[in-house]
Amino acid sequence: MIQGIKHIIFDLGGVLLNLDYNLTEKAFVSGGITDFGEIYSQLRQTPVFDDFETGRIGKDEFIDALKKHCDMGEEDICAAWNAMLLDFPLRRLQLLQQLRLHYDLVLLSNTNEIHEEAFNEILMRSHGIPNIGVFFDKVYLSHRIGVRKPSEEVFQMILDDTGFKPEHTLFIDDSPQHIEGAKALGIQTIWLEKGMTIEDTIFLRKDIKKGE
């Protein structure tokens, strides 16, 4: 499955960080946004979310946009938005440490400034690790680089920036539409389907060996 691979690009949410989108929807519905399921979903986003994830608007503008649909204050909106973020299993983090001995590791995430602060807080609180970047050679967060998956542009940006050859690069993501942008450039891909995990499905101990 990973033959010839020298470089691995990881998605964050759903691959490294456990998520439950329903918790955020429930929190916003409780706060008065009864149609939140139509406003936001994992596969389809309205412009305000896309703009937030690509840095075209900041935290204040995002919160103001949501306030128009509910009576929630800033603190409650941030808490509801972050409710989807669960935990980083220790075995997963240990696997990243092992993989880094054999592969170049890159993180690519469609995310935003509220979530970035929150997932690093989770990492610090649960494992004493200050930020997710310590596990990677390069980190590309959509709100910082101004482009998001599944655009081919973001994958080309990574190839250009790192010098990785696509045929030696593996991209792992839990969203099938994101896989397509990488495939178009010749990057090898794995769609992490529901029930699959990188530690129990993809990287068995015997497989963690560069280029074989």
Side-chain angles (χ1 to χ4, degrees), residues 10-89 92 107-127 130-133 139-154 172-182 191-197:
F10 282 95
D11 175 36
L12 179 64
V15 175
L16 303 178
L17 171 64
N18 285 331
L19 300 177
D20 187 342
Y21 291 93
N22 292 327
L23 294 179
T24 282
E25 181 173 353
K26 289 178 181 177
F28 277 116
V29 169
S30 296
I33 307 182
T34 56
D35 62 342
F36 187 78
E38 299 176 17
I39 296 173
Y40 177 87
S41 71
Q42 183 181 11
L43 299 178
R44 185 177 181 180
Q45 298 188 336
T46 60
V48 67
F49 294 106
D50 186 57
D51 288 347
F52 191 37
E53 284 197 341
T54 52
R56 289 192 288 268
I57 64 172
K59 174 181 176 181
D60 292 342
E61 292 170 282
F62 175 73
I63 290 171
D64 286 344
L66 291 183
K67 280 182 177 179
K68 295 176 182 177
H69 298 274
C70 66
D71 295 324
M72 300 168 69
E74 178 177 334
E75 185 174 335
D76 288 337
I77 286 175
C78 288
W81 183 236
N82 288 331
M84 69 176 77
L85 309 179
L86 301 182
D87 66 301
F88 290 95
R92 217 164 279 171
L107 180 69
L108 171 61
S109 177
N110 287 353
T111 189
N112 55 81
E113 60 180 290
I114 296 177
H115 278 173
E116 181 184 7
E117 180 179 356
F119 64 66
N120 282 324
E121 285 181 356
I122 291 171
L123 197 57
M124 184 64 187
R125 184 173 65 249
S126 58
H127 300 293
N131 66 81
I132 193 65
V139 172
Y140 300 89
L141 305 181
S142 62
H143 69 290
R144 293 184 176 274
I145 62 176
V147 62
R148 63 192 299 277
K149 300 172 289 185
S151 169
E152 292 179 28
E153 180 184 355
V154 72
I172 304 173
D173 199 293
D174 67 324
S175 296
Q177 72 275 20
H178 295 164
I179 293 294
E180 296 308 312
W191 172 29
L192 202 68
E193 300 182 59
K194 187 175 181 179
M196 296 173 63
T197 65

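Here the structure is a predicted model, which means the values were calculated and not measured.
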I'd like to know if the side chain of [X] reaches the main chain of [Y], judged simply by a donor and an acceptor atom lying under 3.5 Å from each other, with no hydrogens or angles considered.
X: Asp51; Y: Ile57; answer: no
X: Ser142; Y: Thr54; answer: no
X: Trp191; Y: Asp174; answer: yes

Run the side chain to side chain contact (heavy atoms under 4.5 Å, CB included) test on His178 and Asp11 for me, step by step, so that the C-alpha distance in whole Å, both residues' side-chain angles and the decisive distance to 0.1 Å come before the verdict.
CA-CA 10 Å; His178 295 164; Asp11 175 36; 5.6 Å; no
If you measure from [atom1] on [X] to [atom2] on [Y], what distance do you get to the nearest 0.5 Å?
X: Leu66; Y: Glu61; atom1: CG; atom2: CD; value: 12.5 Å
X: Arg148; Y: Leu108; atom1: CZ; atom2: CG; value: 10.5 Å
X: Asp173; Y: Leu192; atom1: CG; atom2: CG; value: 8.5 Å

Report the residues that fulfil salt bridge (charged side-chain N to carboxylate O under 4.0 Å, His left out) with Glu74, sequence neighbours left out, ordered by chain and then residue number.
Lys59
So, using side-chain contact (heavy atoms from CB on, under 4.5 Å) as the criterion, who are the partners of Asn18 when residues are at least two apart?
Leu86, Asp87, Pro89, Arg92
Testing the basics here: between Ala27 and Ala80, what is the closest heavy-atom pair and its distance to 0.1 Å?
CB-CB, 3.5 Å
Note: Gly133 and Val139 closest approach over all heavy atoms is CA-CG2, 3.8 Å
Are [X] and [Y] packed together at the side-chain level, in the sense that at least one heavy-atom pair is separated by less than 4.5 angstrom?
X: Phe36; Y: Lys26; answer: no
X: Asp50; Y: Val48; answer: no
X: Lys67; Y: Ile63; answer: yes
X: Met72; Y: Phe28; answer: yes
X: Val154; Y: Tyr140; answer: no
X: Pro150; Y: Glu180; answer: no

If you count heavy atoms of other groups shown closer than 6.0 angstrom to CG of Asp71, is the number above 12?
no
Does CD belonging to Glu75 count more than 12 external heavy atoms closer than 6.0 Å?
no
In terms of ring plane angle, is the pair Phe62 and Phe49 parallel, tilted or perpendicular, where the classes change at 30° and 60°?
perpendicular
Give every donor-acceptor pair under 3.5 Å between a side-chain atom in residues 114-127 and any protein atom, sequence neighbours left out.
| residue | atom | partner | partner atom | Å |
| --- | --- | --- | --- | --- |
| His115 | ND1 | Asn112 | ND2 | 3.3 |
| His115 | NE2 | Trp81 | O | 2.9 |
| His115 | NE2 | Trp81 | NE1 | 3.4 |
| Glu116 | OE1 | His143 | NE2 | 2.9 |
| Glu116 | OE1 | Arg144 | NE | 3.1 |
| Glu116 | OE1 | Arg144 | NH2 | 3.1 |
| Glu116 | OE2 | Arg144 | NE | 3.3 |
| Glu116 | OE2 | Arg144 | NH2 | 3.2 |
| Asn120 | OD1 | Ile132 | N | 2.9 |
| Asn120 | ND2 | Glu116 | O | 3.2 |
| Ser126 | OG | Ile122 | O | 2.6 |
| His127 | NE2 | Phe88 | O | 2.6 |

